[in-house]
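Both counts, for ligands and for their atoms, begin at 1 and track the order of listing.
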Amino acid sequence: MYALIGTWQMCLDGARRGTSLLRAGACAGDAVEQAIIMVEDEPSYSSVGYGGLPDSTGHVYLDAAYMDGNTLRLGGVMSAENVRNPISLARKLCGRETNCLLAGRGAEQAAVSFGLQLRDMRTEASLEAWRAAVAKQQKKLSAYEEHDTVCILALDEKGGMAAGTSTSGLFMKDPGRVGDSPIVGSGFYCDARYGAAAATGLGEDIMRGCLSYEVVSLMRRGASPTDACREALTALTERKKSLGEDEGSMSLIALSPDGMFGAATTLPEFPFAAGRGEEAAVYTVKA
Ligand code: SD4
C-alpha cells in the first residue's frame with residue numbers, strides 16, 4: 001500500500017506526481033520532495049517558493065523542512081533567500097548528526113555547497129503585491145489571505161514514511177520571522193511506526209500546541225488520523241477560547257502507516273489532495 005496527502009488544492013499536480021512515483025516503487029522521501037518541488041517552481045502559487053510573497057522589506061524569505069519517518073532525522077531551512085528549492089535543501093540537511101537546521105545566509109551557503117540552484121525568488125507579480133501593500137501601509141495579512149503552506153506526507157510500498165513542508169510564511173511579515181513550518185513537532189512530524197502529520201495556518205498559534213507531534217502522539221495511542229487531527233485541534237482551540245481568544249486559522253493533515261488519511265480545520269472549508277493506491281484527488285474537510 002502506498003499513500004500520500006498534501007495541503008490545499010494547489011498541491012494536486014504535485015500530489016499526482018508523488019503518487020505516480022510511489023506507484024513506480026519510489027521511496028516516500030522522493031515522492032515528498034518531487035511533489036513539493038512542483039509547487040515551489042510554480043510562480044502563480046504566491047505562498048510557496050518562486051513567486052512567494054515578500055516580507056515587509058520586499059524580500060522573499062522561505063521556510064521548509066523534511067523529516068524521515070524511518071530514522072526520525074530531519075532537516076530544515078529558515079528565512080532562506082534565493083534558494084530555488086528549499087525542500088531539496090531541507091532533505092539534503094536531513095541525516096546530518098549536527099547542523100541539520102540552518103537559517104538565513106548559512107542556509108544559502110549550504111545550498112551552494114550542495115550544488116543546488118540559487119534564484120531570485122521574487123516575480124514581477126510578487127513585487128507588485130508588495131508595492132501595493134506598502135502604498136496602502138498594509139500590515140500583515142492573516143494566515144489564509146493569499147498564504148498557504150504546502151505540506152506533503154507520504155507512505156511507500158515498503159512502509160517508509162516521510163514528511164515535508166515549504167512556505168514563504170506570512171505576507172508582509174517582519175524580517176526574520178519564522179513560522180511553524182520548519183519547526184519539528186509544530187509544522188510537521190513523522191514516525192513510520194505511528195504515522196505523520198503536518199499543519200498549515202497561523203504558525204504563531206500552531207506552535208503553541210505542537211500540533212503535528214500531538215497528532216502523531218494520539219495515533220501512537222490508537223487514534224485514527226481523522227480523530228487525531230480533530231482531537232489535537234480541539235484541545236488547542238478550547239484552550240484559546242478559555243483565554244478569551246477566537247479559534248484562529250489552523251488546519252491539519254495526517255497519514256497512518258496503513259495508508260489511512262485524515263484532516264481537520266477551523267476554517268469553513270479546507271481542501272487537501274490525497275491518493276491511496278491510486279491517483280490523488282482533492283477532498284474537502286469542514287470545521
Ligand atoms: C506560517 N504556517 O508561516 C505558515 C503559513 C501558512 O496557511 O501555512 N499559511 O505561519
Side-chain angles (χ1 to χ4, degrees), residues 5-11 14 35-36 39-40 42 45-49 51-56 59-67 76-81 83 86-87 90 101 103-104 107 121 126 129 139-153 163-189 197-215 229 232-233 236-237 240 246-254 263-273 284-285 287:
I5 180 169
T7 50
W8 306 110
Q9 167 94 34
M10 70 178 171
C11 83
I36 292 181
V39 184
E40 288 178 338
E42 173 52 58
Y45 300 145
S46 61
S47 53
V48 178
L53 285 169
D55 72 357
S56 60
H59 292 262
V60 175
Y61 289 111
L62 304 159
D63 295 338
Y66 174 87
M67 185 163 185
V77 176
M78 299 176 173
S79 256
E81 203 179 9
V83 176
I87 187 62
L101 191 55
M121 301 300 277
S126 69
K139 297 278 184 274
K140 271 184 216 54
L141 289 182
S142 76
Y144 286 99
E145 285 176 271
E146 309 208 42
H147 251 275
D148 308 327
T149 295
V150 61
C151 309
I152 301 279
L153 312 173
T165 63
S166 184
T167 187
S168 53
L170 301 185
F171 182 33
M172 300 298 285
K173 64 189 177 185
D174 289 347
R177 180 263 182 194
V178 174
D180 59 303
S181 307
I183 307 292
V184 63
S186 289
F188 65 97
Y189 197 77
T200 176
L202 187 65
E204 283 77 354
D205 277 346
I206 292 164
M207 289 189 275
R208 295 164 78 189
C210 294
L211 288 182
S212 296
Y213 183 79
E214 183 63 11
V215 171
C229 288
L233 199 55
L236 182 58
T237 54
K240 276 170 64 51
D246 63 22
E247 288 197 329
S249 298
M250 294 175 279
S251 303
L252 295 170
I253 55 170
T265 186
T266 61
L267 299 178
E269 290 202 337
F270 167 57
F272 60 95
T284 301
V285 65

Distance-only side-chain donor-acceptor flag, T265 / S251, under 3.5 Å: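 A donor-acceptor contact under 3.5 Å links the two side chains.
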Strictly by modelled atom types, are T284 and E269 linked by a side-chain donor-acceptor pair under 3.5 Å?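 No donor-acceptor contact under 3.5 Å links the two side chains.
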What are the two closest non-hydrogen atoms of P182 and V178, and how far apart are they?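 Smallest heavy-atom distance, with atoms named: CG-CG1, 3.6 Å.
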Got an N/O contact under 3.5 Å between [X] and ligand 1?
X	result
D180	yes
L202	no
W8	no
I206	no
D63	no
T200	yes

Does K173 reach ligand 1, in the sense of a heavy atom lying below 4.0 Å from it?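 It does not, in that no heavy atom of K173 comes within the 4.0 Å cut-off of ligand 1.
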Give a yes or no on whether the ring-centroid distance for W8 and Y45 is below 6.0 angstrom.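 Here the rings of Y45 and W8 have centres that are no less than 6.0 Å from each other.
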Check for a donor-acceptor pair, side chain of E40 on one end and backbone N or O of I87 on the other, with a separation under 3.5 Å.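 Yes; judged by distance alone, with no hydrogens or angles, the pair exists.
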Quick check: does any side chain N or O of T266 sit under 3.5 Å from a backbone N or O of M250, one acting as donor and the other as acceptor?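 Checked: pair present.
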Would T167 and T149 satisfy side-chain hydrogen bond (donor to acceptor under 3.5 Å, both in side chains), going step by step from the backbone distance to the final call? CA-CA 5 Å; T167 187; T149 295; 3.1 Å; yes
In ligand 1, which numbered atoms sit nearer than 4.0 Å to a non-hydrogen atom of D148?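 Going through ligand 1 atom by atom, the ones under 4.0 Å from D148 are 7 (O), 9 (N).
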Looking only at heavy atoms, is any part of M250 under 4.0 Å from ligand 1, and if so is it the side chain, the backbone, or both, or is it neither?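 Neither; nothing of M250 gets under 4.0 Å from ligand 1.
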